[in-house]
Amino acid sequence: MIEDLKAESFDIINFILSSKLRVDLMYFLYKKDRKIDELASLIDKNPTNISRTLKELFDKGIVEKSGKSYLLTSTGRLMAIVLYSLYNSFIAIDEKEYFWKTHSIKLFTAPILSNISCLECGEIISSDNINFNKAISFYLENIKKSKNFKIMLPIFSSLYLNAFFDALDRNNATMEVILDNNILNFILESEFSVTFNNYVKENKIKLFIVDMKIDMFFTLCDDFFALFLFSDDGYFDESSLFFVENEKCLRVLNETFNQLKKLSQS
């Protein structure tokens, strides 16, 4: 929605946002058509101020008059929807600000944060003093019941590999993995080597090798997305997990994974 707006639409949005009264009027008129006295009572403003501001919105083609009532035009309704979307996005960013600010997202930034709506779809699962492994346990429980994994793997971990392989067998799942040669070599030199190679031969695992350091643990399944990141000081942080279940966001993230696969050598 937002990316489709023309320059003049952004001018209108700026015009609306420059006045709290304009924003309030947009909100109440989006709900239903209203008369000046009703708007004055709802917003607790003088009817003269309401009338003057409605005239400003009328001149911009945002509201129109029907009898004694005012209503949003088609343009006005579009602006109201955009403003609502922006508000939710800003709230989402603010609520998750600490998570994003304290983690490294260099590789992740371009393909995902370019679509800001992804942020409002998710929640942060954080460990606490009562449950030190809350984020990990939450992640593993979701892995158990999932299939068709799409993973960007930045670490070698027996815990996670066991969970993936169990799901591959139990759920007849498949797995696409983006990883670098360093992590691949760790797997091939580990106790998982034979099982891993068999899965590759059976096409249950498809590999995408990249020649850059991966800075995120990206997991996308049919019904959820999960993200662990590295802290700014370079340590892999399993104490906080970004988690998404919204179907629309999952479709966007699926396209993101397809973009990330293009980084591979194959």
Side-chain angles (χ1 to χ4, degrees), residues 1-97 99-101 105 108-124 220 223-225 242-259:
M1 167 87 61
I2 294 175
E3 60 267 26
D4 294 333
L5 294 175
K6 297 179 181 179
E8 55 264 33
S9 297
F10 283 103
D11 290 339
I12 294 175
I13 291 173
N14 287 333
F15 171 76
I16 297 169
L17 291 175
S18 64
S19 163
K20 184 180 183 302
L21 181 52
R22 293 177 195 140
V23 173
D24 289 341
L25 288 171
M26 293 287 292
Y27 172 80
F28 286 110
L29 290 177
Y30 183 73
K31 299 289 185 180
K32 57 179 286 190
D33 305 351
R34 300 182 191 272
K35 297 178 181 179
I36 289 179
D37 288 344
E38 182 183 3
L39 289 167
S41 176
L42 288 167
I43 302 174
D44 193 23
K45 291 288 184 181
N46 188 293
T48 301
N49 292 336
I50 298 292
S51 178
R52 181 174 61 250
T53 305
L54 285 171
K55 175 65 166 56
E56 295 172 350
L57 294 173
F58 181 88
D59 291 341
K60 293 286 186 180
I62 299 170
V63 303
E64 59 187 356
K65 194 173 181 181
S66 177
K68 294 185 177 180
S69 296
Y70 285 84
L71 62 151
L72 294 178
T73 63
S74 56
T75 298
R77 295 195 70 80
L78 173 62
M79 295 300 102
I81 292 170
V82 170
L83 289 169
Y84 179 76
S85 176
L86 284 171
Y87 172 79
N88 282 338
S89 295
F90 292 147
I91 290 297
I93 292 170
D94 184 61
E95 290 176 344
K96 304 169 182 68
E97 180 179 15
F99 178 80
W100 297 113
K101 277 191 172 182
I105 49 175
F108 190 62
T109 304
I112 293 184
L113 296 191
S114 61
N115 193 317
I116 196 171
S117 63
C118 288
L119 296 180
E120 66 185 82
C121 300
E123 60 178 317
I124 305 296
L220 179 64
D223 54 359
F224 78 89
F225 166 75
F242 184 63
F243 188 79
V244 175
E245 291 182 292
N246 180 279
E247 290 184 9
K248 181 179 178 181
C249 291
L250 293 181
R251 289 194 295 271
V252 173
L253 290 162
N254 184 64
E255 179 55 35
T256 298
F257 186 82
N258 291 333
Q259 293 179 42

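Quick note: residue numbers are just sequence positions, from 1.
Counting only residues at least two apart or in different chains, side-chain hydrogen bond (donor to acceptor under 3.5 Å, both in side chains) contacts with residues 50-63 comprise R22-E56, N49-R52, K55-D59.
Side-chain contact between L29 and L54 is present, with heavy atoms from C-beta onward closer than 4.5 Å. Considering only heavy atoms from C-beta on, D223 stays 4.5 Å or farther from E245 through its side chain. Put simply, the side chain of F15 reaches to within 4.5 Å of the side chain of L57, judged on heavy atoms.
Here OG1 of T73 is found 10.0 Å from CZ of F58. Values are rounded to the nearest 0.5 Å. Interatomic distance, OG of S69 versus CD of E64, reported as 11.5 Å (0.5 Å rounding). To the nearest 0.5 Å, the span separating CZ on R251 from CG on N246 amounts to 8.0 Å.
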Item to complete: Kindly determine whether R34 and L42 satisfy side-chain contact (heavy atoms from CB on, under 4.5 Å), including the steps that lead there.
Response: CA-CA 10 Å; R34 300 182 191 272; L42 288 167; 3.4 Å; yes

Discussion item. Pair M26, I62 - check side-chain contact (heavy atoms from CB on, under 4.5 Å), show working.
Written reply: CA-CA 9 Å; M26 293 287 292; I62 299 170; 3.4 Å; yes

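C249 and V244 get closest at one heavy-atom pair: CB-CG1, 3.8 Å. Across all their heavy atoms, Y30 and A80 have their closest contact at CD1-CB, 3.6 Å. Scanning all heavy atoms of the two residues, the minimum distance from N46 to T48 falls at OD1-N, 2.7 Å.
For F28, the CZ atom is densely surrounded, since the number of other residues' heavy atoms within 6.0 Å is greater than 12.
No donor-acceptor pair closer than 3.5 Å links the side chain of S41 to the backbone N or O of E38. With hydrogens and angles disregarded, a donor-acceptor distance shorter than 3.5 Å links the side chain of T256 to the backbone of V252.
Using cut-offs of 30° and 60° on the angle between ring planes, the pair F224 and F243 is parallel.
Each of L25, I36, I50 was evaluated against Y70; a single residue qualifies, I36, per the side chain to side chain contact (heavy atoms under 4.5 Å, CB included) test.
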